[in-house]
Amino acid sequence: MCYSPGVNRRRFLKTLGGGAAAVALSRALRAEVEAIAKDPLRPSYHLLPPHNWMNDPNGPIFWKGQYHLFYQLNPGDSVWGDMHWGHAVSPDMIHWRHQPIALAPTPGGPDSEGCFSGSAVVYHGTPAFIYTGVQNAPLDQVTLHDGNDKLRETQMLAMAEDDALLHWKKLEQPVIPAPPPGMKVTGFRDPCPWRDGPWWYCGIGSGERGVGGCVLLYRSRGLRTWEYLHKLAEGKPNGKQTANPCDSGEMWECPDFFTVDKRTCLFYSTEGKVIWSTGDYDRSGMRFAPRRDGVLDHGAYYAPKSFEAADSRRILWGWIRETRPDAELKAAGWAGCMSLPRVLTIGAQGQLEMNPAKEVESLRGAREEVVVSRAAPFRRKLSELAIELQVPGDISNAATTTVRLLVDGRPAWELAIDTSAKEVRCGDVTFPLPGMPWAHPTLRLFLDGSVIESFVGGREALTSRVYTLTPGATELEVVTTGGKEIRVEMWGMKAISADRMTAAFSF
Ligand code: DQQ
């Protein structure tokens with residue numbers, strides 16, 4: 001498919017910007033979206049825009065009985081660029097309805113080159129976004145240089161004008177216009193605000209060359225004027241000389257700071273992965289002391305953002321990124337999707353636990369159960385690339401249990417749980433098997449087009465992308481080397497809409 005960003009962008013904005021529930025698509029765009037929806041590699045039960053590029057989740061919020069999720073969107077192309085905030089709304093975090101674009105760059109304004117990531121809070125009864133605006137600026141004001149772009153980053157405020165969160169009023173000037181005086185930062189973006197009594201606090205992703213990535217901590221009485229306090233947390237560089245400070249650990253993106261099960265958590269993204277840490281936060285000194293940390297997801301997962309659901313569960317959304325070249329993304333016409341909603345909890349030793357929200361089970365169709373043993377492996381052709389596979393119970397019988405996807409008889413993906421070596425292996429990724437007994441004694445895999453989200457023992461997660469799968473030519477295999485039989489449950493998963501979440505359109 002060949003894209004002309006300008007024309008596409010105008011068409012898309014017109015379509016989504018119409019705001020009506022049933023917007024008639026132009027014949028050409030309809031054909032384009034319908035063709036994209038037929039792509040078997042495109043997820044059918046993960047959230048993604050009808051076409052074009054998306055990345056980070058932004059400002060998730062439960063408001064007036066609905067879940068709202070915003071996300072980084074390039075409305076004119078299926079590669080990164082021209083960042084807007086896309087918007088989707090859902091009653092259950094599973095079934096979504098597309099909404100008009102929530103935030104777009106203002107020509108001549110501090111976000112003229114893009115509305116980067118940020119968060120939503122409720123301020124005196126009104127939802128507010130705090131996000132990063134980027135613009136061109138004289139070199140001495142540039143805070144982002146990653147080898148490609150040179151931009152000034154400032155923190156912006158926008159207030160909701162209606163309860164459907166369709167219209168947002170931006171403050172014209174940034175509420176945090178520059179990094180702390182004298183600090184030569186490697187970046188200054190992705191604000192994560194929270195309230196503590198009369199104060200609002202805000203962490204901003206940042207870092208310094210030779211020192212390491214960090215979160216800068218600010219404080220305010222009312223969201224409009226902020227005072228810099230100190231670094232909330234900081235890391236160390238990995239020693240690599242890289243043009244992009246995110247690759248050397250000298251810049252932390254998308255911090256998220258919150259409490260779960262009475263533990264304080266800090267998440268941040270750097271070196272292509274997401275780090276979680278749990279620890280203690282001293283509210284009077286406003287310092288975070290990390291006690292435990294780990295990698296949140298060992299695969300193609302980045303820039304997550306959490307929020308509190310209606311029933312107080314802490315839910316995490318993350319960007320499932322692509323792992324194929326831009327030319328292939330352009331040809332596909334779509335890129336990126338949102339992870340399934342993950343519920344965060346904290347284990348007895350302060351370790352992060354993460355499980356798909358129970359709402360995901362509403363997608364299950366027909367159930368099948370098979371018993372797999374050393375003598376009787378399981379192998380089955382998949383007519384659909386939308387399944388959930390679950391191995392319930394402790395599979396720690398000194399065996400290796402492998403789940404494999406084969407295309408034309410050749411392995412395309414496999415995940416091995418090796419309880420002798422105490423490790424999980426998937427392609428070139430190896431990580432320690434969570435210590436037994438598992439708090440959530442289950443291995444769960446969600447296959448959706450080219451996406452596989454794997455959850456091991458409720459503790460470790462790995463998101464994979466596989467672009468060679470084809471319905472009809474793909475087989476699923478489960479083998480085990482131990483003496484024990486293992487029970488495997490499987491469900492076909494229902495698509496969340498007939499046309500891949502294009503519910504805001506009429507066809
Ligand atoms: N994506 C956004 C930035 C953020 C990065 C730009 C992380 O705000 O740092 O699209 O993926």
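The chain is numbered in sequence order, starting from 1. Just follow the structure's listing: the first ligand is 1, and inside any ligand the first atom is 1.
- For the pair Arg342 and Tyr301, the cation-pi criterion (under 6.0 Å, within 45° of the ring axis) is fulfilled.
- Here Phe257 and Phe267 keep their ring centres 6.0 angstrom or further from each other.
- Residues Phe129 and Trp168 bring their aromatic ring centres within 6.0 Å.
- Ligand-side atoms of ligand 1 in range of Met83: 10 (O), range being under 4.0 angstrom from any heavy atom.
- Taking a cut-off of under 4.0 Å to the non-hydrogen atoms of Ser117, the atoms of ligand 1 that pass are 2 (C), 8 (O).
- At the shortest separation from atom 8 (O) of ligand 1 among protein heavy atoms lies Asp190 OD1, 2.5 Å.
- Closest to atom 10 (O) of ligand 1, if we only count protein heavy atoms, is Gln72 OE1, 2.7 Å.
- Every atom of ligand 1 with a heavy atom of Tyr302 under 4.0 Å away is listed here by number and element: 7 (C), 11 (O).
- Scanning the protein for heavy atoms near atom 5 (C) of ligand 1, the closest one is Asp56 OD2, 3.2 Å.
- Near Trp80, meaning under 4.0 Å from any of its heavy atoms, are these atoms of ligand 1: 6 (C), 10 (O).
- A search for side chain to side chain donor-acceptor pair (under 3.5 Å) contacts involving Tyr228 returns nothing, not counting sequence neighbours.
- For the pair Asn55 and ligand 1, the shortest N or O to N or O distance falls below 3.5 Å.
- For ligand 1, the atoms lying closer than 4.0 Å to a non-hydrogen atom of Glu253 are 4 (C), 5 (C), 7 (C), 9 (O).
- Inter-residue side-chain proximity for Ile94 and Val360 is flagged as met; some heavy-atom pair is nearer than 4.5 Å.
- Between Trp199 and Trp226, the distance from one ring center to the other does not fall under 6.0 angstrom.
- For the pair Glu271 and Cys246, the minimum side-chain heavy-atom distance is 4.5 Å or more.
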